[in-house]
Number of protein chains: 2
Amino acid sequence: MRIGVLAKATGVSVPTIRYYESIGLLTPPARQGGQRVYGSEDVKVLSLIRHCRDLDFSLDAISDILASVQRRLPCSDTKVFAEQHLRSIRKKIAELRTLETTVAGLVSGCETTCCGSTAPDCVILQPSQACCG
Amino acid sequence: MRIGVLAKATGVSVPTIRYYESIGLLTPPARQGGQRVYGSEDVKVLSLIRHCRDLDFSLDAISDILASVQRRLPCSDTKVFAEQHLRSIRKKIAELRTLETTVAGLVSGCETTCCGSTAPDCVILQPSQACCG
DNA sequence: GCTTGAACCTCAAGTGGCTTGAGGGCGTAG
DNA sequence: CTACGCCCTCAAGCCACTTGAGGTTCAAGC
């Protein structure tokens, strides 16, 4: 199978497949007339990569995951990767929630206190919680 | 004031200040003996940029915000920027929550169904919701 | 056998928001 | 006059790709 077929089979774009090969995430396949030729194993590996990217694992983490798959390490290792990832997702959510609260507070502060003043005096743009009052 | 003093006054690193100048976010200051010399207005502008970065506005958005400040446009413009930003924050939170649910489900699925199998068969790494059953 | 068009190839640069490093110049205190 | 800290420019690195230029190979139709 050629690269375009592999791309359709896995949902990974052709340039991305070549990119994965260039960084060593995929092993370079055989060539026929200069063109890459893939087998069914490549579909499995690339589908796994795609699945992990859908879960937003980094390519570095995916590299580790692939290694643990190829070595048939115990499932617990996989779970550790997923738990680490889950922690970083939760941390990011917490950060964004704080940010959401802050920005939402500024927007409503602008509505109640700015009373149609100009941008330089807007509550939203004040370094601390100073007001345009 | 030299760049190091400006950096300390605003909490923005020296290379970052030079970077902001290079992309046109800060106007190039006067020079003395080849070295940048800043005034109090620069502290104000850079502090505003810092504040907006703390709120996670993109540099593109900050560029627009600075323009609205310099033109003394009405506060409502600022609020529009903040509201757009708030929407994108909320969208991102929603995406991350979905991801959190998915990954958390996979981790607990691994705990209950994988029963110590190997990585290639782990629930976490299966493309669909197939199990190692 | 020849042409056409799709799919393939490599290499380089762009995205965002910086950071880091190399290799050198300026300013001031002792 | 030397030492040290601060300053300068330019280039490359980070992440995960995407986009583009310019050229080659393959399969189908005539």
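Lettering follows sequence order; numbering is per chain, from 1. Computed from heavy atoms alone, side chains included, the values below leave out hydrogens, waters and symmetry copies.
- Of all the heavy atoms in B/Phe57 and B/Phe81, the pair that sits closest is CE2-O, 3.8 Å.
- In terms of heavy atoms, B/Leu48 sits closest to A/Leu125 at CD1-O, 3.6 Å.
- At a threshold of 4.0 angstrom between heavy atoms, the contacts of A/Arg18 include nucleobase atoms, whether or not backbone atoms are also involved.
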Using a cut-off of under 3.5 Å, enumerate the N/O to N/O pairs linking the protein to nucleotides 22-26 of chain D.
none

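- The backbone N or O of A/Val37 sits nowhere less than 3.5 Å from a side-chain atom of A/Arg2 that would complete a donor-acceptor pair.
- Residue B/Ile23 is out of contact with every strand shown, counting any heavy-atom pair closer than 4.0 Å.
- One atom, CG of B/Leu26, and another, C1' of C/dC18, lie 14 Å apart when rounded to the nearest Å.
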Listing time: all N or O pairs from protein to nucleotides 16-19 of chain D that are below 3.5 Å?
from   : atom 1 : to      : atom 2 : distance (Å)
D/dA16 : OP1    : A/Leu59 : N      : 3.4
D/dA16 : OP2    : A/Leu59 : N      : 3.4
D/dA16 : N7     : A/Tyr19 : OH     : 3.4
D/dC17 : OP2    : A/Tyr20 : OH     : 2.8
D/dC17 : OP2    : A/Arg53 : NE     : 2.9
D/dC17 : O5'    : A/Tyr20 : OH     : 3.4
D/dT18 : OP2    : A/Ser13 : OG     : 3.2
D/dT18 : OP2    : A/Thr16 : OG1    : 2.5

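- Rounded to whole angstrom, the span from the NZ atom of B/Lys8 across to the P atom of D/dC7 amounts to 8 Å.
- Residues A/Val80 and B/Ile124 do not share a hydrophobic cluster, clusters being chains of Ile/Leu/Val/Met/Phe/Trp/Tyr side chains in contact below 4.5 Å.
- Straight-line distance from the CD1 atom of A/Ile3 to the C1' atom of C/dA6: 15 Å, rounded to whole Å.
- The nearest whole Å value for the distance from the CG atom in B/Asp56 to the C1' atom in C/dG17 is 11 Å.
- Looking only at distances, no side-chain donor or acceptor of B/Glu21 sits under 3.5 Å from a matching main-chain atom of B/Ile17.
- B/Thr10 places a side-chain N or O within donor-acceptor distance of the main-chain N or O of B/Leu6, the cut-off being under 3.5 Å.
- By the 4.0 Å N-to-carboxylate-O rule, B/Glu83 lies close enough to B/Lys79 to be salt-bridged with it.
- For the pair B/Gln35 (side chain) and B/Arg31 (backbone), a donor-acceptor distance under 3.5 Å is absent.
- As a whole-Å value, the separation of B/Ile17 CD1 from C/dT20 P is 16 Å.
- We find that A/Lys92 and A/Glu95 are joined by a salt bridge, their nearest charged nitrogen and carboxylate oxygen being less than 4.0 Å apart.
- Across the protein-nucleic acid pair, B/Met1 atom CE and D/dC7 atom P stand 12 Å apart, rounded to whole Å.
- The phosphate of C/dC8 has neither OP1 nor OP2 within less than 4.0 Å of any side-chain N or O from A/Arg36.
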